[in-house]
Amino acid sequence: MEALSIAILGGDLRQCYAAEYLNAQGYKVMCCHTPDFPYQPEIKQAGSIADALEHCTLVLAPTPLTRDNLHLFQTENYPPCPLEDLWDSLTANHTFAAHSLPGAYQKLLNNIGCQALIWGNLPFFQTENARLTAEGLLAEVIRCTPFALSSANILLLGYGCCGKEIASVFLPLCQNIFLIEQDAVKINEAGLKGLSVIREKDFSKILPRCQIIINTVPASVLEIPHLSQLHSSCHIFDIASAPFGFPSDTTEKCLLPYYRIPGIPGRFSPVTAGRIIGQTIERMTEHAL
């Protein structure tokens, strides 16, 4: 059986290490607008999106696909690539693999006749990626806060894949972890792990005691009036995807240190994160193509 041909587009170092993993597994790999990297000799580089897609079957998009909804996410070393150029280069012969895709883009691919593989919600990827997220977040929290975690109370918003891994990493290091979660099963699981689940009636008592807030929910859980109850030294770390958990001007409005830190695995663990992406694509192509 002929090896599957993959075009890997844009992105950060995760794409480079995914390329190396997939090449080692026997896939034919071509990169386009990925960061400069000491690729294995068998990995080819294309000068344009059209050239990269001309002979490939599978297209691996960067994570995220775009940061401005207009251009492909890639390093500043390359000229901007409008998403329209990407869509114009895709055909019904391609399969488009992406971490996630808005409905409008999925509809566009359907109109082209291009199959979409969405891998960001697969349990294998979510579990492995959440571990890297928790490790990287720990490094960022230590770097940004002027106090020891051993004296800190943390308020965690959400107990999904990332929330669980964050709790397991931070709980042995900090004083307490308070949790806001709505799902009854997750609440019970968190309680068994030693987290203190709180309700809105507890906010006035708990919020002033928190030195760190970690948000994993892509929605507003705490409103501005709630934030007014926090101590001025409380640091907020938002790792959720868009639309995030807090407005971008939270620091200006509330005079609180606020950090949006998406893409933690790509920044702190690109080797492992890229390999996980490669493994996920390998698993999907074994069954979907």
Side-chain angles (χ1 to χ4, degrees), residues 4 6-43 45 58-65 67 72-75 77 97-100 117-144 149 156 158-173 214 216 237-241 259-287:
L4 185 64
I6 300 179
I8 297 182
L9 308 182
D12 52 29
L13 284 173
R14 286 175 290 184
Q15 293 288 80
C16 302
Y17 289 109
E20 292 212 329
Y21 175 84
L22 291 166
N23 175 72
Q25 303 311 306
Y27 293 83
K28 295 180 180 178
V29 177
M30 177 173 288
C31 291
C32 182
H33 293 189
T34 53
D36 293 334
F37 190 71
Y39 295 102
Q40 297 165 355
E42 301 86 357
I43 299 177
Q45 296 195 58
L58 179 73
V59 180
L60 177 57
T63 303
L65 172 65
R67 284 185 168 169
L72 189 74
F73 168 50
Q74 57 190 35
T75 64
N77 297 336
H99 176 273
S100 60
L117 292 183
I118 310 302
W119 46 268
N121 57 359
L122 295 180
F124 166 78
F125 174 80
Q126 287 189 333
T127 300
E128 297 297 319
N129 201 60
R131 292 195 183 104
L132 302 185
T133 298
E135 288 184 16
L137 176 63
L138 176 61
E140 196 74 337
V141 168
I142 291 174
R143 183 182 73 84
C144 294
L149 284 179
L156 177 62
Y159 200 67
C161 283
C162 283
K164 292 175 184 178
E165 291 297 331
I166 290 167
S168 67
V169 168
F170 280 77
L171 192 56
L173 303 174
I214 298 173
T216 70
F237 297 87
D238 197 345
I239 69 164
S241 55
Y259 306 91
R260 276 187 184 174
I261 44 175
I264 290 175
R267 292 172 54 198
F268 290 92
S269 309
V271 175
T272 309
R275 176 173 50 79
I276 290 169
I277 291 173
Q279 290 173 336
T280 304
I281 296 301
E282 182 181 29
R283 292 183 180 204
M284 293 188 76
T285 55
E286 287 175 354
H287 300 286

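The distance from atom CG of Asn129 to atom CD1 of Ile276, rounded to the nearest 0.5 Å, is 6.0 Å. Between the CG atom in Leu137 and the CD1 atom in Ile214 there is a gap of 4.5 Å [rounded to 0.5 Å]. We find the OG1-CD distance between Thr280 and Gln126 to be 10.5 Å, quoted to the nearest 0.5 Å. Within the model, atoms CD of Gln74 and CZ of Arg67 stand 11.5 Å from one another, a figure rounded to the nearest 0.5 Å. Going from atom CD of Gln45 over to atom OH of Tyr39 covers 5.0 Å, rounded to the nearest 0.5 Å. Atoms CD and CD, from Gln40 and Glu20 in turn, are 4.5 Å apart once rounded to the nearest 0.5 Å.
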Please evaluate residues Leu149 and Leu138 with respect to the criterion side-chain contact (heavy atoms from CB on, under 4.5 Å), reporting the C-alpha separation (whole Å), side-chain torsions for both, the decisive distance (0.1 Å), and the verdict. CA-CA 10 Å; Leu149 284 179; Leu138 176 61; 3.6 Å; yes
Verify side-chain contact (heavy atoms from CB on, under 4.5 Å) between Phe268 and Glu135, making sure each step is shown before the conclusion. CA-CA 8 Å; Phe268 290 92; Glu135 288 184 16; over 6 Å; no
Could you give me the CA-CA distance, side-chain angles and deciding distance for Tyr27 and Thr285, then say whether side-chain contact (heavy atoms from CB on, under 4.5 Å) is met? CA-CA 11 Å; Tyr27 293 83; Thr285 55; 3.0 Å; yes
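For the pair Leu9 and His33, the minimum side-chain heavy-atom distance is 4.5 Å or more. Between Leu117 and Ile281, the closest side-chain pair of non-hydrogen atoms is not below 4.5 Å. A heavy-atom distance below 4.5 Å is found between the side chains of Leu65 and Leu72. Side-chain contact between Leu122 and Met284: present, with at least one pair of heavy atoms (C-beta onward) separated by less than 4.5 Å. Phe37 has its side chain out of reach of Ile43: every pair of non-hydrogen atoms, C-beta onward, lies at least 4.5 Å apart. In this structure, Arg283 and Phe125 have side chains that are not in contact, with every pair of non-hydrogen atoms separated by 4.5 Å or more. The side-chain heavy atoms of Ile264 and Leu132, taken from C-beta on, include no pair separated by under 4.5 Å. Ile8 places a side-chain heavy atom less than 4.5 Å from the side chain of Leu22.
Residues Leu13 and Pro270 come closest through the heavy atom pair CB-CB, 3.8 Å. Taking each heavy atom of Tyr159 and Ala167 in turn, the nearest pair found is CE1-CB, 4.0 Å. Here the closest heavy-atom approach between residue Pro35 and residue Gly10 is recorded as CD-O, 4.3 Å. In terms of heavy atoms, Ala19 sits closest to Cys31 at CB-SG, 3.7 Å. Residues Gln15 and Leu60 come closest through the heavy atom pair NE2-O, 3.4 Å. Taking each heavy atom of Arg267 and Pro262 in turn, the nearest pair found is CD-O, 4.2 Å.
A cation-pi arrangement is not found for Arg275 relative to Tyr17, the charged atom failing to lie both closer than 6.0 Å to the ring centre and inside a 45° cone about the ring normal.
Listed for the Ser269 side chain is no donor-acceptor partner under 3.5 Å among the backbone atoms of Pro265. Without hydrogens or angle criteria, Arg14 side chain to Ile277 main chain gives no donor-acceptor distance under 3.5 Å. Looking at Thr127, its side chain never comes within 3.5 Å of a backbone N or O of Phe124 through a donor-acceptor pair.
Using cut-offs of 30° and 60° on the angle between ring planes, the pair Phe237 and Tyr259 is parallel.
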